[in-house]
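Working notes, structure below.
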Amino acid sequence: MTRAIAILVLACSACAAQPELGSSAVESAADHSSGRVAPGEIVVLHPANAGPAVLFGAQLDTHGIVATLLAETRVWFDGIPAPLAYSVSGDVMAIVPYEIANHGATEVVVEYQGRRSPPVTLEVAESAPALFTLDSTGRGQAAMLNETGCCNSARDPAARGSIAVLYATGEGQTVPPGITGSVTIHARIADYPVPQLPVRVTVGGQPAEIVYAGDAPNAVAGLFQVNFRVPANAPIGDAVPLVLSIGGASSPGGVTMAVRSQVKRILVADPDPIARNRLKQILTGAGYEVSTEPKGEPFDLAIVSLAVPEQERQDTIRALRSSGARFSIIAIATAAVAGPATLRAADLFGAQAVFTKPMASQAVLQRVRELLQARPTPYVDGLDTDHPIW
């Protein structure tokens with residue numbers, strides 16, 4: 001009798017452990033919207049009774065394709081296994097197979113340890129664009145780059161007329177057709193898959209020029225990248241609305257980016273009022289925006305004097321950094337001849353230019369223009385390079 005009860009208990013436990021999935025438990029990984037999916041979209045599922053206790057990350061199979069079986073977990077769309085980014089109890093990230101393109105609806109099933117959930121039916125949309133954001137909520141500051149390779153933010157806004165890069169998902173079927181689970185690596189930009197549907201970006205309601213719109217290089221198919229030029233008439237501010245449209249669908253509102261004037265900003269932190277005013281006059285006359293005090297806003301270039309004791313120079317730089325000001329280059333204004341000691345101090349200071357007094361206006365402007373030329377730098381995502389980025 002006791003043995004029979006034990007068998008019944010085990011049988012009931014097995015029944016209770018069947019995975020369960022609701023229609024609202026399948027969300028866009030970018031904006032967490034639910035109710036529909038698009039081919040190639042990165043989604044997060046929240047099944048009950050599925051997933052290991054410890055998170056398992058993406059794996060590549062022997063063909064270099066993102067694996068569809070991870071820690072005894074699978075996700076099926078119309079019987080087609082989906083590539084998995086990770087699996088943990090109650091959370092699974094997957095890529096919707098491109099094979100469901102042109103299906104009006106799809107049945108989604110989660111499998112764990114050989115047991116499958118009842119199917120959930122979801123609408124299949126041509127596209128479902130959604131922007132990734134810094135805090136992963138789908139609202140606020142977009143997770144995007146300025147043309148220098150630095151992350152866009154209130155402290156580092158993109159200048160009007162510059163190139164910015166956003167990341168999204170939900171672009172739908174591509175040309176050529178997307179290969180489910182593939183990692184996109186091509187020698188030529190022209191070879192990267194692009195959406196079948198037209199792509200548009202607006203910044204503060206102003207249309208942006210699209211420079212590139214297609215699969216993100218070195219990432220799994222489904223991560224979508226758009227390089228666009230910030231409109232010359234875009235609003236200026238720390239939270240300018242950013243919208244991505246693909247075909248007839250647009251990303252939800254509430255996503256923003258930081259935009260600044262196209263005019264370069266220069267900080268002149270020379271304690272000598274004659275030199276400071278002279279530099280300000282030269283630079284302002286050339287169309288630069290010049291400030292003599294850091295106020296927390298970003299600067300493109302800072303001019304700091306070496307004609308002060310070393311401790312005072314270090315205090316100046318510390319004050320600049322603690323103020324929240326960002327500056328990419330430091331140029332040094334010296335007191336007289338740039339002798340060996342001065343040049344050594346400038347080198348230790350990280351200077352990329354040395355000015356001597358008296359300063360000829362043409363020489364100052366030429367060097368400043370050279371230093372302010374755009375020098376894009378490679379972006380390093382910091383993730384494990386053995387796995388595709390998502």
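Being a predicted model, the structure only gives us computed values, none of them experimental. Along the sequence shown, the residues carry numbers beginning at 1.
- Of all heavy-atom pairs between Val37 and Val43, the closest is CG1-CG1, 4.2 Å.
- Ile179 CD1: 12 or fewer foreign heavy atoms inside a 6.0 Å radius.
- Side-chain N/O atoms of Asp156 and Ser153 include no donor and acceptor closer than 3.5 Å.
- For the atom pair CH2 of Trp76 and OG of Ser117, the computed distance is 12.0 Å after rounding to the nearest 0.5 Å.
- Looking at every heavy atom in both residues, Val92 comes nearest to Pro47 through CG2-CG, 4.2 Å.
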With side-chain hydrogen bond (donor to acceptor under 3.5 Å, both in side chains) as the criterion, how do Thr180 and Glu99 come out once you've worked through the C-alpha distance, each side chain's angles and the decisive distance to 0.1 Å? CA-CA 8 Å; Thr180 300; Glu99 289 84 350; 2.8 Å; yes
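- Asn49 and Glu20 form no side-chain donor-acceptor contact under 3.5 Å, judged by distance and modelled atom types alone.
- More than 12 heavy atoms of other residues, nucleotides or ligands lie within 6.0 Å of CG in Asp135, so this atom counts as buried by the packing criterion.
- The environment of Arg200 atom CZ is dense: over 12 non-hydrogen atoms of other residues, nucleotides or ligands sit within 6.0 angstrom.
- Residues Ala159 and Ser261 share a closest heavy-atom pair of CB-O, 3.8 Å.
- Contact of the Ser87 side chain with the Tyr112 side chain is not registered, since no non-hydrogen atoms from C-beta on lie closer than 4.5 Å.
- Checked by atom type, the side-chain pair Thr174/Gln196 shows no donor-acceptor distance below 3.5 Å.
- Taking OG of Ser251 as the reference point, atom CG of Asp31 lies at 8.0 Å (rounded to 0.5 Å).
- Taken to the nearest 0.5 Å, the CG atom of Asn218 stands 10.0 Å off from the CD atom of Gln225.
- Annotation: the span from Leu122 atom CG to Ser24 atom OG amounts to 9.5 Å, rounded to 0.5 Å.
- When the salt bridge (Lys or Arg N to Asp or Glu O under 4.0 Å) test is applied to Asp238, no partner is found at least two apart in sequence or on another chain.
- No more than 12 heavy atoms of other residues, nucleotides or ligands sit less than 6.0 Å from atom CD1 of Ile274.
- Side chains of Asp61 and Gln59: a donor-acceptor N/O pair is absent below 3.5 angstrom, by distance only.
- Distance check: Phe224 CZ to Ile246 CD1 gives 4.5 Å after rounding to the nearest 0.5 Å.
- Here the options are Ile163, Val203, Val165, the test is side chain to side chain contact (heavy atoms under 4.5 Å, CB included), and the partner is Phe228; only Val203 passes.
- In Gln141, the CD atom is crowded: over 12 heavy atoms of neighbouring residues, nucleotides or ligands sit closer than 6.0 Å.
- How far CG of Leu84 is from CG of Leu69: 8.0 Å, rounded to the nearest 0.5 Å.
- Applying the side chain to side chain donor-acceptor pair (under 3.5 Å) criterion to Arg229, with sequence neighbours excluded, gives Glu209.
- The shortest non-hydrogen separation linking Ile95 to Ala221 is CD1-O, 3.4 Å.
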